[in-house]
Amino acid sequence: MIPAKINSTEIAPIREKGIESIVDWFDQHKQSFYTLGWSYLRNQQQVEELFYQSIIKVHREWSRFKGEISFKTWVTSIFMHICREIAPSRSLQASKESEQQKRLFNALDQLRENEKEAMVLIYVVRISKEEAGHLLQVSAEKMNDLLFTGIQSLRGEMGFGSAFNGCMEYQRDYIDYLERTLDRPNKIELEKHLYHCQNCQEDLSSFQEVMVTLVNLPDQVDDLHVPPGFIENIKTRLIVKENQRKRKNKRQIRKGLAFAGVIALVIGIDYFTGVFSNLYYNWTEKNQELRAFLQQDLGERLNLEDESDGVKIKIKSAISDEVQTLVFYEIEDTKKDNRYVINNFEGVYVENQHEIMDGDGYQGYYPPDLQADMNKEEKNVYHGKISLQPINKDNGTIKLQISKLQRIIRDSANQDGGWGFQIMGDKIGKWTFEIPVTKKPSVKYVLKGETEVEGIPVRFEKLTIAPTATILHYDINMTQPNKRIDNLNFDHLQVNDKKVNADMTSRYLFDTQLDENWLSFQRYFGPLFGEKPKNVNVQLESAQLTFDDHKIIELDASNNYPQTFEYAGSSLSIDKVEAGQPANVIISNHEVKNRVYDAFHFQIFGEDENEMNSMEIHTEGVLMDKNGVVYDVNKTPVIYEEIEQPRNLVTVFNMKLKNESSGEKVNPKRLEIYGYYAMKYLDDVIKISVEK
């Protein structure tokens with residue numbers, strides 16, 4: 001592995017020369033970072049955007065680098081964070097991949113996210129396990145577990161065999177043994193056991209094959225070259241950005257509220273009666289959400305304005321607490337009938353971020369809402385909000401710079417509901433604001449409540465009531481041998497007599513080290529405005545589960561097909577088994593009404609377990625809502641947001657199997673299913689007690 005620390009003589013030029021040296025540093029390390037980015041995005045334009053955003057963020061946050069970890073690891077943490085932000089919208093797989101690269105990246109895509117990241121950090125970026133663990137926020141033991149289970153999964157995906165048949169008590173020592181880091185007593189014990197156990201010998205041998213493949217991973221993707229002019233394109237974009245900054249002077253417009261005398265009178269009366277502020281904000285504020293904050297005295301009207309190239313942005317108010325900072329805005333196109341929105345992950349920069357913002361804090365995403373009443377009145381005005389990280393002090397001033405807006409229109413396929421919108425391009429400009437904020441307090445309550453979902457214990461630990469959000473802290477038990485909960489969805493939270501809906505964009509695994517038997521999560525709900533909980537209920541909605549259910553089905557291309565087999569309570573059809581180069585296997589199950597599984601995890605093997613080293617999978621499927629209504633997305637356009645709790649049910653698996661190494665035909669002999677995934681609908685209402 002590449003050593004962790006970078007010495008001070010390497011960092012000094014970067015500190016002195018600024019962003020140019022950061023670009024030069026990325027240029028020196030571009031191949032490993034390009035491969036890392038490609039493993040997430042598989043698209044050249046998006047990887048270029050990833051480099052561009054990473055360079056800017058490293059430059060902005062340079063003062064926060066303290067040297068506790070290596071410079072490369074610190075940069076990698078920023079790079080991976082932006083990877084995760086861009087990945088959900090990644091484009092279709094690019095055609096520049098070779099078949100070998102496609103097979104490798106497809107295999108990595110089958111892993112769980114933390115397994116994949118552990119593999120890529122160790123074998124692509126080549127940092128130490130200690131620093132990889134630091135990046136993923138897991139212990140050394142957990143890091144070894146991720147590598148072991150990742151290699152175990154890759155073993156099947158890459159054609160090195162199926163399940164391990166050796167003795168479980170020795171399997172966790174494989175990595176340390178092969179890396180020659182296993183302590184001497186355990187090494188001697190393992191070698192003695194290997195001498196007498198044929199199954200463990202075979203297991204270790206195939207495990208070693210996967211590890212050798214991973215160690216040589218950079219060679220396998222060596223022809224995934226950084227394209228010519230890649231860094232130069234980024235340099236050009238940075239130069240343009242800097243020139244724009246220099247050409248425009250900082251402009252800030254503050255306007256007083258109209259009828260200042262009337263307002264002063266209302267505020268004076270309100271001090272004694274507490275009546276007129278509610279009426280005042282009902283008259284003057286269109287945004288109902290902001291109106292509620294103002295009426296609760298959680299923020300103040302700001303009306304800061306700046307204009308660039310005919311587009312005026314008004315910052316109406318900012319609400320800050322320990323969870324996040326909400327900034328409410330209004331954008332008006334003074335020249336044309338365009339609507340623009342702010343994307344807080346692109347074109348938004350807090351100049352004094354390292355001084356005032358909590359770098360580890362939450363930053364949510366709120367999609368544009370064209371269905372809101374206030375956004376139906378004028379074609380050239382949009383009212384919205386963005387989330388910034390919480391401030392790290394009681395009060396301060398956020399120096400906000402906006403350099404890019406997104407132009408949106410209503411999606412013609414979604415006129416009647418949902419967020420439906422289309423992004424129609426960018427608006428480049430320069431809008432700057434100094435936003436005064438005061439951090440409002442939050443209150444935490446210890447909870448006592450447990451339930452079981454499909455026999456898996458779930459416990460509720462804490463409730464945080466902040467002005468901008470309510471956070472439910474809960475744990476999921478991970479000790480069940482054959483099933484686990486991957487995601488738990490909530491409909492709403494009820495505190496006393498008030499209900500708040502779940503924010504479906506938020507689900508955070510925030511701590512994995514307190515108890516190895518439990519994983520801890522956070523789910524965000526709407527604000528409760530200082531409610532003191534006496535009675536707390538939570539309504540469950542659904543759970544995404546994984547079940548281990550092993551089954552082997554023999555295949556023979558000389559037989560007549562279709563043939564059926566039973567799995568997970570369903571009758572599946574093997575429609576085709578065809579030998580060749582490529583071979584073709586088609587499995588289907590079009591009966592979805594009473595089906596237990598959504599999809600399953602499997603591998604197909606040939607006569608020689610190692611002969612087939614590429615499997616291309618094409619799937620067909622349908623959406624089915626909670627009421628059993630089926631939507632065939634290939635026949636009728638559907639609005640996903642309007643379907644009540646949709647399940648994605650795969651109906652056809654069409655596999656093309658190749659032998660990349662020899663070019664000889666593949667003869668499929670065995671289908672091995674490891675388990676299946678399923679969504680379970682829940683209607684449970686869990687009553688949770690609050691500790692006094």
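For clarity, every value in this text was computed on a predicted model and none was experimentally measured.
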Notebook entry, point to check: Please walk me through it: do Lys444 and Glu322 pass salt bridge (Lys or Arg N to Asp or Glu O under 4.0 Å)?
Noted result: CA-CA 11 Å; Lys444 295 178 173 60; Glu322 67 176 48; 2.5 Å; yes
Query - Minimum heavy-atom distance between Leu388 and Met357, given as atom pair plus value - result: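 Closest approach of Leu388 to Met357: CB-CE, 3.8 Å.
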Decide yes or no for [X] and [Y]: does some side-chain heavy atom of the first lie under 4.5 Å from some side-chain heavy atom of the second?
X: Asn589; Y: Ser571; value: no
X: Val323; Y: Ile471; value: yes
X: Val495; Y: Val500; value: no
X: Lys393; Y: Lys439; value: no
X: Gln603; Y: Tyr674; value: yes
X: Leu519; Y: Met478; value: yes
X: Leu488; Y: Leu682; value: yes
X: Val327; Y: Ile315; value: yes

Would you say the side chains of [X] and [Y] form a donor-acceptor pair under 3.5 Å?
X: Asp486; Y: Thr546; value: yes
X: Arg459; Y: Asn477; value: no
X: Thr73; Y: His134; value: no
X: Asp625; Y: Gln645; value: no
X: Gln389; Y: Gln353; value: yes
X: Asp475; Y: Ser520; value: yes
X: Glu620; Y: Thr651; value: no
X: Asp373; Y: Asn375; value: no
X: Glu672; Y: His550; value: yes

Assess the residue pair Leu493 and Val536 against the criterion (side chain to side chain contact (heavy atoms under 4.5 Å, CB included)); give the C-alpha distance rounded to whole Å, side-chain angles, the decisive distance to 0.1 Å, and a yes or no.
CA-CA 7 Å; Leu493 177 74; Val536 177; 4.0 Å; yes
**Prompt:** Could you walk me through whether Asp598 and Arg647 pass the salt bridge (Lys or Arg N to Asp or Glu O under 4.0 Å) check?
**Reply:** CA-CA 7 Å; Asp598 296 352; Arg647 291 174 62 191; 2.5 Å; yes
Aromatic ring proximity, centroids under 6.0 angstrom, Phe653 and Phe600: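 Judged by ring-centre distance (under 6.0 Å), Phe600 and Phe653 do meet the cut-off.
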### Query
Between Phe293 and Phe529, is the ring centre distance below 6.0 Å?
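Centroid separation for Phe293 and Phe529: below 6.0 Å.
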### Query
Does any N or O in the side chain of Asn287 come within less than 3.5 Å of the main-chain N or O of Glu289, such that one atom is a donor and the other an acceptor?
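Yes, because the side chain of Asn287 sits within donor-acceptor range (under 3.5 Å) of the backbone of Glu289.
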Worksheet item: Counting only N and O atoms by type, is there a donor-acceptor contact under 3.5 Å from the side chain of Ser317 to the main-chain atoms of Glu300?
Response: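 Such a contact is found between Ser317 side chain and Glu300 backbone.
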*Using the ring of each side chain (for Trp, its six-membered ring), is Tyr597 parallel, tilted or perpendicular to Tyr676, with breaks at 30° and 60°?*
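Rings of Tyr597 and Tyr676: perpendicular, over 60°.
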| What orientation do Phe490 and Tyr474 show, parallel under 30°, tilted 30 to 60°, or perpendicular over 60°? |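 Rings of Phe490 and Tyr474: perpendicular, over 60°.
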Could you please spell out the steps behind the side chain to side chain contact (heavy atoms under 4.5 Å, CB included) verdict for Tyr445 and Lys532? CA-CA 9 Å; Tyr445 298 91; Lys532 186 174 181 180; 3.9 Å; yes
Of Leu463, Leu472, Ile465, the residue whose pairing with Phe525 passes side-chain contact (heavy atoms from CB on, under 4.5 Å) |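 Among Leu463, Leu472, Ile465, the one meeting side-chain contact (heavy atoms from CB on, under 4.5 Å) with Phe525 is Leu472.
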- Should we count NZ of Lys687 as having more than 12 external heavy atoms under 6.0 Å?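 No.
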query = So, is the end of the Lys385 side chain (NZ or CZ) under 6.0 Å from the ring centre of Tyr366 and within 45° of the ring's axis?
reply =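 Yes; both conditions hold, so Lys385 lies above the ring face of Tyr366.
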